[in-house]
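These notes are about the structure you will find just below.
In this text, all values refer to a predicted model and were calculated from it rather than measured experimentally. Naming convention: chains lettered A, B, ... in sequence-line order (proteins, then strands); numbering from 1 in each chain.
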Amino acid sequence: MKSSEIRKAFLDYFESKNHHIVPSAPMVVKDDPSLMFTNAGMNQFKDIFLGNTRSKYDRVADSQKCLRVSGKHNDLDEVGHDTYHHTMFEMLGNWSFGDYFKKEAIGFAWELLTDVLAINPENLYVTVFEGDEKDNLTPDNEAYDHWKKILPEERILYGNKKDNFWEMGDTGPCGPCSEIHVDLRSDEEKKKTPGRSLINQDHPEVIEIWNLVFIEFNRMGDGKLKNLPAKHVDTGMGFERLCMVLQGKRSNYDTDVFQPIIAEITGLAAVQYGEKKETDIAMRVVADHVRAVVFAIADGQLPSNTGAGYVIRRILRRAIRYGYTFLRFDEPFMNKLLPVLVDQMGEAYPELKAQHQLTGKVITEEEIAFLRTLSQGIRLFEQYIKEHPENKVIEGKFAFELFDTYGFPIDLTQLMASEKGWTIDMEGFRKGLEQQKERSRKAAKVDTEDWVLVQKSEKELEFTGYEELSSETKILRYRKVKAKKKSYYEIILEKTPFYAKSGGQVGDKGLLKNRDEEIRVIDTKKENNQTVHITEKMFSNPFAPVRAIVDQNKRKQTANNHSATHLLHAALRHVLGKHVEQKGSLVEPNRLRFDFAHFSKLTDEDIQKIEKLVNAKIRENIPVGEQRDLSLEEAQKLGAMALFGEKYGEQVRVISFNRDFSVELCGGTHVSATGDIGFFKIVSESAVAAGIRRVEAVTGEQAEYIVREQEKNLADLKELLRNPKDLIQGARKLLEENAELQKELKQLKQEKVNSLEKELLSKIRKIGEINFIAEKVDIDMADAKDLAFRLVKKTNDLFLLLGIANQAKANLSLMISESLVKSKGLHANNIIREISKEIKGGGGGQPHFATAGGKEPGGIGRAFEKAEQMLISVT
RNA sequence: GGGGAAUUAGCUCAGCUGGCUAGAGCACUUGAUUUGCAUUCAAGAGGUCAUCGGUUCGACUCCGAUAUUCUCCA
């Protein structure tokens with residue numbers, strides 16, 4: 001069975017059991033601070049389990065793309081070394097939200113595996129929860145009894161809390177789970193050791209394939225368990241692993257999920273898979289990582305140096321490094337694997353096809369950048385070896401610096417060191433890393449107190465901000481959060497006009513008022529579908545009704561910018577072409593920023609055309625078209641474009657300005673008609689990454705302000721230039737004149753130095769065979785230096801001392817011919833230190849040239865005498 | 001969010017503990033050479049050493065702030 005058929009068989013089976021098949025959620029998670037990537041099938045249903053939202057369907061199944069880079073069995077550093085761990089993988093799952101429970105879940109799983117997918121039941125084992133005294137939980141006999149009916153009891157095992165009790169986090173929904181394991185060993189092996197004894201023992205051929213979680217409890221803040229009103233089922237089956245089982249392979253990488261990519265790699269590297277341990281590992285690393293990176297980029301997550309983007313960059317770099325070291329790829333190669341991957345997965349995940357070109361560009365760019373990092377590291381490494389030739393051990397501190405500051409991988413340092421017969425002080429390296437981690441932990445530490453429940457509400461949380469900017473409401477719960485420098489409160493209201501940061505639009509600011517007090521809301525954000533108000537203070541009486549008032553002015557400006565963003569998006573597509581697609585957006589009260597896919601820099605004409613079109617639409621004063629509660633399909637029929645990497649609910653909202661101009665899916669706040677925006681002005685255009693451009697713009701008052709500023713600058717400039725007819729011409733003339741004057745000045749100075757040169761030459765006195773000059777001159781220090789260097793070239797055995805006096809300051813310059821430095825042991829540095837005492841100052845320099853400064857110009861003469869005395873004593 | 005680093009000629013980079021009139025390679029201009037694949041040789045142009053402030057007789061170098069970029073950790 002091909003992998004695509006397996007995926008389809010799974011989905012078809014559950015569809016036949018009345019499950020609604022939902023698309024995979026994006027791999028990148030946006031509104032959950034505890035999670036960067038989707039790491040399990042249940043992530044997109046978290047809100048349902050938490051009770052924040054209700055599901056439209058009781059039964060759901062999907063194939064979810066997931067990414068794991070850390071966790072029990074998924075350390076990024078391990079991927080590739082074995083044959084079954086991955087960063088990106090697909091998780092097949094079926095769910096029941098308050099519908100069926102253990103009996104049906106077990107029945108479905110068994111029927112699908114043994115009947116539809118024809119796995120030999122003899123090879124299957126299951127585990128059930130053994131209970132836990134501390135939590136006062138009895139063994140899960142209910143699950144046991146259901147299993148007993150379908151397979152012999154000797155293949156049912158009890159498992160402990162670690163393996164068989166699933167929890168979402170420290171608090172929240174949880175429950176016992178039941179795992180299905182498969183024994184893939186040969187009959188001979190099976191006879192030797194019973195499969196039963198190898199369950200959950202990390203045996204590579206006795207593995208878990210499906211986990212059925214029965215969610216029935218809620219873990220409270222105090223650690224106690226409470227029964228949930230509705231029970232849920234949450235299951236997850238690793239797709240790649242299932243393919244391995246069904247295709248009779250011993251490694252996930254041998255299945256048709258990975259083989260086409262590996263075949264491509266072997267072609268490029270001219271190395272066969274299975275030839276050598278090291279190159280095999282490298283190929284697995286590359287094959288795994290290219291999938292992760294491509295899916296992430298297609299979901300809109302570009303590599304960057306913070307957060308989720310940084311994780312993607314790390315994965316990409318790890319692949320490049322393995323390719324570089326073991327497969328001898330020393331120029332970009334990852335993008336060459338892209339067509340195979342798109343070809344293979346593009347059917348199930350259309351975003352890969354749509355984002356093909358962009359993905360290739362971004363990856364190539366990253367590869368080039370990293371190869372540069374590598375060569376810089378190699379240079380530093382070699383320099384270090386050269387500077388410490390006798391060490392034979394690389395200090396941990398240096399190895400850490402290479403890694404920490406220059407991003408040079410430690411194992412590459414190790415490899416290069418061993419090639420030269422050196423070793424690395426890994427202890428020291430680890431110490432550095434540990435300190436780094438400690439620092440970060442300290443800085444990132446956030447103490448979150450438990451939620452304080454104030455009042456209960458029967459209603460769902462409500463957002464009133466589309467209609468009004470001030471609402472009468474009550475506090476449901478709040479908590480105090482202590483971060484490193486500041487502490488603040490998070491407040492949840494029953495209904496709120498405050499817009500929480502999302503879709504690029506920043507969160508509202510404003511006030512919460514009750515009869516006696518008012519507190520400021522400094523930000524509003526969304527967490528697990530709830531609007532969280534951030535405040536610096538808390539009411540002394542949280543039970544009183546409050547009025548929530550949004551800062552009207554800021555909101556209005558934000559709305560201007562948001563609507564302008566839509567017009568900009570549409571205008572970009574009109575002017576540049578339909579390939580333009582939103583890649584990111586930021587909408588603040590005083591500006592807007594819009595990132596989009598486009599291959600080249602915008603010309604000035606492009607920008608003008610775009611501004612012109614947007615402003616024309618503003619003047620048309622198009623009323624906003626708003627439609628709520630549409631299905632995604634209905635919205636798309638209207639022409640709204642769904643973005644890859646965005647998660648849309650069952651109901652979407654569409655904002656349009658003229659049906660045939662701008663139609664977008666959007667939850668943000670907008671103007672009532674485009675005329676409100678007033679005026680639109682682009683202030684900058686730049687690149688963010690390969691194939692992605694950024695436009696920043698302002699609207700309304702802010703745009704007016706910027707234009708006024710520029711106008712003022714221009715007026716000031718005109719006045720400065722005495723109102724020339726042609727400003728540009730005037731400025732150019734001024735610059736030319738200035739250059740001319742500079743030249744003349746230089747020449748005059750030159751002449752002065754020339755005449756001084758002659759004058760000084762005529763003043764040479766002989767002290768022994770030394771040509772001695774000590775004179776006051778009226779030039780600046782730089783010219784004095786120049787003069788000294790010119791004289792020393794022309795005169796042998798010169799001892800030149802120049803004194804400069806201006807106002808309250810005195811300067812000395814001393815130049816001595818190299819020959820005198822050598823033969824007489826004269827040292828300008830020492831001499832100037834001595835004689836500068838006479839001008840109440842200090843100085844220094846090199847043996848042949850030194851300078852000094854002081855605050856007594858009257859002492860210059862004495863300094864000259866002193867120098868002469870010193871010379872006489874030498875000769 | 002925290003730590004470390006970088007910013008010097010069009011490009012890639014040297015410039016050690018403050019003082020060598022800021023250098024190299026490539027690219028560029030000019031002249032010669034007339035070349036089996038980066039032809040060679042010579043001369044030259046090109047720099048507010050990221051920006052602002054401070055310490056100092058003196059700052060590319062030290063200190064502080066800002067901006068941009070890189071990098072590691074969370």
Side-chain angles (χ1 to χ4, degrees), chain A residues 33-36 69-70 76 303-311 313-314 317 366 368-377 379-380 383 386-387 397-410 429-430 432-446 481 483-486 684 686-689 742 753 780-793 802-806 808-816 818 821 827-830 832-833 835-857 859-860 863:
Chain A
S34 67
L35 207 59
M36 278 199 267
V69 284
S70 59
L76 178 60
S304 74
N305 60 355
T306 49
Y310 182 57
V311 174
R313 176 170 281 173
R314 257 168 54 198
R317 294 195 158 187
E366 280 290 316
I368 292 170
F370 186 53
L371 289 172
R372 208 170 23 230
T373 302
L374 286 182
S375 69
Q376 192 188 13
R379 209 177 52 232
L380 289 166
Q383 194 177 329
K386 224 158 98 189
E387 280 167 12
K397 204 179 140 204
F398 176 70
F400 182 69
E401 189 193 332
L402 264 185
F403 169 77
D404 181 63
T405 304
Y406 299 99
F408 200 70
I410 183 64
F429 174 82
R430 271 183 218 113
L433 192 62
E434 211 32 62
Q435 282 167 355
Q436 164 88 300
K437 284 185 178 175
E438 191 47 43
R439 259 196 310 270
S440 292
R441 261 195 291 270
K442 246 191 209 158
K445 204 174 171 209
V446 179
V481 179
K484 194 185 164 201
K485 278 170 195 157
K486 57 205 169 190
S684 89
S686 59
V688 220
Q742 290 279 1
V753 171
D780 62 35
M781 286 292 282
D783 288 332
K785 199 172 186 177
D786 189 33
L787 181 61
F789 273 88
R790 283 161 63 167
L791 280 166
V792 83
K793 268 180 203 158
L802 297 174
I804 300 168
N806 53 9
K809 278 192 173 178
N811 284 298
L812 295 171
S813 294
L814 176 60
M815 173 65 92
I816 307 176
E818 285 293 345
V821 174
H827 203 288
N829 187 21
N830 298 340
I832 205 122
R833 273 172 207 281
I835 64 174
S836 61
K837 284 176 189 162
E838 299 299 331
I839 54 165
K840 290 209 169 114
Q846 308 126 74
H848 73 284
F849 183 73
T851 55
K855 50 194 174 194
E856 198 172 294
I860 291 179

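- Between the CD1 atom of A/Ile860 and the CG atom of A/Leu802 there is a distance of 10.5 Å, given to the nearest 0.5 Å.
- When the C1' atom of B/rG58 is taken as reference, atom CG of A/Leu812 falls 13 Å away, rounded to whole Å.
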Would you mind building the protein contact string for nucleotides 69-74 of chain B? One character per nucleotide, 5' to 3', B for base within reach (heavy atoms under 4.0 Å), S for sugar-phosphate only, - for untouched. -SBBBB

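- Across all strands, A/Gly842 comes closer than 4.0 Å to base atoms (heavy-atom distances).
- When all heavy atoms of A/Gln846 and A/Ala828 are compared, the pair lying nearest together is O-CB, 3.5 Å.
- One interatomic measurement links the two molecules: CD of A/Glu401 to C1' of B/rG3, which rounds to 13 Å at whole-angstrom precision.
- In this entry the distance linking CD of A/Gln383 with P of B/rC16 reads 11 Å, nearest Å.
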Write down the protein N/O and nucleotide N/O pairs, taken from nucleotides 21-27 of chain B, whose separation is under 3.5 Å; answer none if there are no such pairs.
from	atom 1	to	atom 2	distance (Å)
B/rU21	O4	A/Lys793	NZ	3.1

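- If you take atom C1' in B/rC13 and the same atom in B/rU8, they sit 9 Å apart, rounded to whole Å.
- In the set B/rG3, B/rA14, B/rC57, the nucleotide with an atom closest to the side chain of A/Thr851 is B/rC57.
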Report all side-chain donor-acceptor pairs from residues 784-791 of chain A shorter than 3.5 Å, counting only partners two or more places apart or in another chain.
from	atom 1	to	atom 2	distance (Å)
A/Arg790	NE	A/Glu757	OE1	3.4
A/Arg790	NH1	A/Gln750	OE1	2.5
A/Arg790	NH2	A/Asn754	OD1	2.2
A/Arg790	NH2	A/Glu757	OE1	3.1

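- As rounded to whole Å, 14 Å separates atom C1' of B/rA5 from atom CZ of A/Arg379.
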Taking only distance into account, with no hydrogens and no angle test, what donor-acceptor pairs under 3.5 Å do side-chain atoms of residues 849-856 of chain A form with protein atoms, sequence neighbours excluded?
from	atom 1	to	atom 2	distance (Å)
A/Glu856	OE1	A/Lys840	NZ	3.0
A/Glu856	OE2	A/Arg862	NH2	3.0

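- For the C1' atoms, the distance from B/rU12 to B/rC28 is 16 Å, rounded to whole Å.
- Scored by the ring pair (Phe, Tyr, Trp, His ring centres under 6.0 Å) test, A/Tyr406 finds no partners at all (sequence neighbours excluded).
- For A/Ser684, the side chain to side chain donor-acceptor pair (under 3.5 Å) partners are A/Glu696, not counting sequence neighbours.
- To the nearest whole angstrom, the two P atoms, one in B/rG15 and one in B/rG53, are 28 Å apart.
- Checked against side chain to side chain donor-acceptor pair (under 3.5 Å), A/Glu401 has no partners two or more places apart in sequence or in another chain.
- Spacing of P atoms, B/rG10 relative to B/rG46, comes out at 11 Å, to the nearest Å.
- Remark: A/Asp404 CG to A/Lys397 NZ distance equals 12.5 Å, nearest 0.5 Å.
- Taking atom C1' in both B/rC60 and B/rC16, one finds a spacing of 14 Å when rounded to whole Å.
- Heavy atoms of A/Gly854 sit nowhere under 4.0 angstrom from any nucleic acid atom.
- Annotation: B/rU61 and B/rG19 have their C1' atoms spaced 11 Å apart (nearest Å).
- For A/Phe398, the ring pair (Phe, Tyr, Trp, His ring centres under 6.0 Å) criterion is met by A/Tyr384, not counting sequence neighbours.
- Comparing B/rA27 with B/rC11, their P atoms are spaced 15 Å from each other, to the whole Å.
- For A/Asn830, there are no side chain to side chain donor-acceptor pair (under 3.5 Å) partners two or more places apart in sequence or in a different chain.
- In this structure, CZ of A/Arg372 is placed 15 Å from P of B/rU7, rounded to the nearest angstrom.
- At whole-Å resolution of the value, CD1 in A/Ile816 and P in B/rC20 are 16 Å apart.
- A/Phe429 meets the ring pair (Phe, Tyr, Trp, His ring centres under 6.0 Å) test with A/Phe400, A/Phe403; sequence neighbours excluded.
- Applying the side chain to side chain donor-acceptor pair (under 3.5 Å) rule to A/Asp783 yields no partners; only residues at least two apart in sequence or on another chain are considered.
- Between the CD1 atom of A/Ile839 and the C1' atom of B/rG58 there is a distance of 12 Å, rounded to whole Å.
- A/Thr405 places no side-chain N or O within 3.5 Å of a backbone atom of A/Leu402 that could act as its donor or acceptor partner.
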Where does RNA chain B pair, written as one dot-bracket string 5' to 3', with Watson-Crick or G-U pairs under 3.5 Å, ( ) inside the strand, [ ] for crossing pairs and | for another strand? (((((((..((((.....[...)))).(((((.......))))).....(((((..]....)))))))))))).

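- The distance between atom CD1 of A/Ile860 and atom C1' of B/rC57, rounded to the nearest whole Å, is 13 Å.
- When the C1' atom is compared between B/rA59 and B/rU17, the two are found 15 Å apart, to the nearest whole Å.
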